[in-house]
Amino acid sequence: MAEETDDALAPRRRFQLIRRLARHRSFRIGFIIVAALTLAAIFAPLISKFDPFEMRARIRFRPPQAAYWFGTDNFGRDVFTRCLYGARLSLTIGLGTALLSGAIGAAAGIASAQFRRIDAVMMRLMDGLMAFPAIILAIGLAAAMGPQIGSLIIALSVAYIPRTARIVRASALVVRELEFVDAARVAGASSLRIIWRHLLPNCMGPLLVQLTFVFAYAILAEAALSFLGIGPPPPAPSWGNIIAEGRDQAVDSWWIMFFPGLAISLATLGMNLLGDGLRDVLDPRLKVET
Amino acid sequence: MTAPVVAVQNLVKDFATAPGRVLRAVNGVTFEIAPGETLGLVGESGSGKSTTGRMLAGLIPATTGTVTLFGQTITGPHGPAHLAAVRHRMQFVFQDPNGSLNPRMRVRDAIAEPLDIKGHIARPDRTARIAELLDMVGLPQAAADRYPHEFSGGQRQRIGIARALALQPDFIVADEPVSALDVSMQAQIVNLLLDLQQNLGIAILFIAHDLAVVRSMSHNVAVMYAGALVEIAPRAALYAAPQHPYTRALLDAVPRPDPNRTRPRALAGEVPSMLNRPPGCPFAARCPLAMPQCHDTQPPLREIAPAHQAACHAI
């Protein structure tokens, strides 16, 4: 350290974060899984030549075979095609929940940390929400608002806001004690500026990690709610309601439930691996100064 | 004499550590700083010097007492409004070069932050000012596009100084700006601050615990002990003829490369608890000159030579 010259700049280290992520094995695997599922959802019409809604009575309950990879269901619809299109709904619900609960949770958490006077009220509110199991809360809200994707996203978001708010609040409380926030304060920065330029950017790590988990939970929750009949209404396929529709034929036609179940597991696994990788790379306590 | 840039009167700061328990971190501090002058504020950890500096900058409110910046009283009911009026003339340099820069902000934006907060500044003017500031603190222009983690501790401290200079302040509070740096870097930063002060005529409150650093920086030196000012004097007088027994002990504790020098006795005892302050002089329990009255009444700061004040019954 004593040898360092004070006028020369160290060589640039660009894209360090991306490079470190790319080196992280579980992030890589998670990223590949999630990217593959996303691409499958976007390009579903190019991947499958079937129509997910077309019913053909002559080919009901076909087991998996060369023409119908995942078999067909009780209406003769191709399960593979339905899983592809179902990914659109399921991933939309996951992403929508992550974004909505992330935005509101982050706002609530940061506000709690910055405006200490509302902290106690805000946190008791979050405690109250947290006291309900997420899935029960979502069932109630989804039932109250009717079976639409939008209400499902809102219901799941409400369920996951408290956790996100707590995580953001905790990291904002650490950041606001750092000297650069004082520096901004001495210069006369407004609360809004401190939040926007200083607190939020430095809480992004934990927030992002949390949102990958919310994404995974939301996909699972969508399946659970669909199974209970309050998910997105059929015939529009989602992984959850494909399983729900296959429930009655579970014994004879296992493939109707198995493949969308596999897709859910895969998506959840992928998001969790992605989140683990992000956490390893973004956690400052694990960061090595070089 | 010109009006001081900052005048502090009887400043007190209490922290509530628990309901009913009060920690008095700063106990009745009074001093002034004239334009273009440096006051070195020394004291051990916990003596209240950083707290004093933070109150001066309006970062924490004073419990009682007044802080007057450029003629505006920034404490009391109208404090915030007065502070807003003079804020741009005062800046702060922090101790920790790692914590004082936002890791997610480019150096350019960090330096320009005071400009951006103060109000509209045209893009070309902003860029030009950033270039000028980097130049002033001896950093290459290429630094502007980088992030703080790409710099060494000394370089980061230069960035912090550039940020403090952005609005051409008349007064800077430097809270231990060099104590987190290694010695070779300390000298560079001290020299930089000295240069800037000579060229720009900035008044500085230089907070430190290193007597040698303070000596090279300051016009006047104030010594704090347990939240109170025990002695304040022009630099030469304080180092040549320290009056307060605590100051003497402090200066004696500085090692000198002289084999024949008999080692002075170290102070016995500990700093009194700030929670249960004894009445009387905070130093009485450790003082070699302590008299009965020292334990009962706190000595006021009084003039013992021109411009030289000390708070002691025994001198």
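Within every chain, numbering begins at 1; the chains are lettered A, B, ... in the order of the sequence lines, protein sequences first and strands thereafter.
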>> Are there over 12 heavy-atom neighbours, none belonging to A:F31, within less than 6.0 Å of that residue's CZ?
In response: no
> Do you know which of B:G58, B:P103, B:A57 has the most heavy-atom pairs under 4.5 Å to chain A?
Replying inline: B:P103
>> Is B:D175 close to chain A through its backbone or its side chain, or both, or neither, when contacts mean heavy atoms under 4.5 Å?
In response: neither
>> More than 12 heavy atoms of other residues, nucleotides or ligands under 6.0 Å from OH of A:Y217: yes or no?
In response: no
> Got A:D182 and B:F92 here, is their nearest side-chain heavy-atom distance under 4.5 Å?
Replying inline: no
>> To the nearest 0.5 Å, what is the distance between CZ on A:F180 and CG on B:D96?
In response: 11.0 Å
> B:R104 and A:P201: which non-hydrogen atoms are nearest, and at how many Å?
Replying inline: NE-O, 2.9 Å
> For B:R123, does the CZ atom sit with more than 12 other heavy atoms under 6.0 Å from it, leaving out its own atoms?
Replying inline: no
> With only heavy atoms counted, which part of B:L59 is less than 4.5 Å from chain A, the side chain, the backbone, both or neither?
Replying inline: side chain
> Between CZ of A:R197 and CD1 of B:I117, what distance do you get to the nearest 0.5 Å?
Replying inline: 9.0 Å
> Can you say whether A:R193 sits under 4.5 Å from chain B via the side chain, the backbone, both, or neither, judging by heavy atoms?
Replying inline: side chain
>> With a 3.5 Å distance limit and no angle check, can you tell me whether B:R87 reaches the backbone of A:V186 through a side-chain donor-acceptor pair?
In response: yes
>> Within the supplied structure, the quantity of interest is the number of heavy atoms (other residues, nucleotides, ligands) at a distance under 6.0 Å from B:F70 CZ; does it exceed 12?
In response: yes
> How long is the span from the CG atom in A:L199 to the CG atom in B:N102, to the nearest 0.5 Å?
Replying inline: 9.0 Å
> What closest approach, in Å, do B:Q95 and A:E179 show between heavy atoms, and which atom pair accounts for it?
Replying inline: N-OE1, 3.7 Å
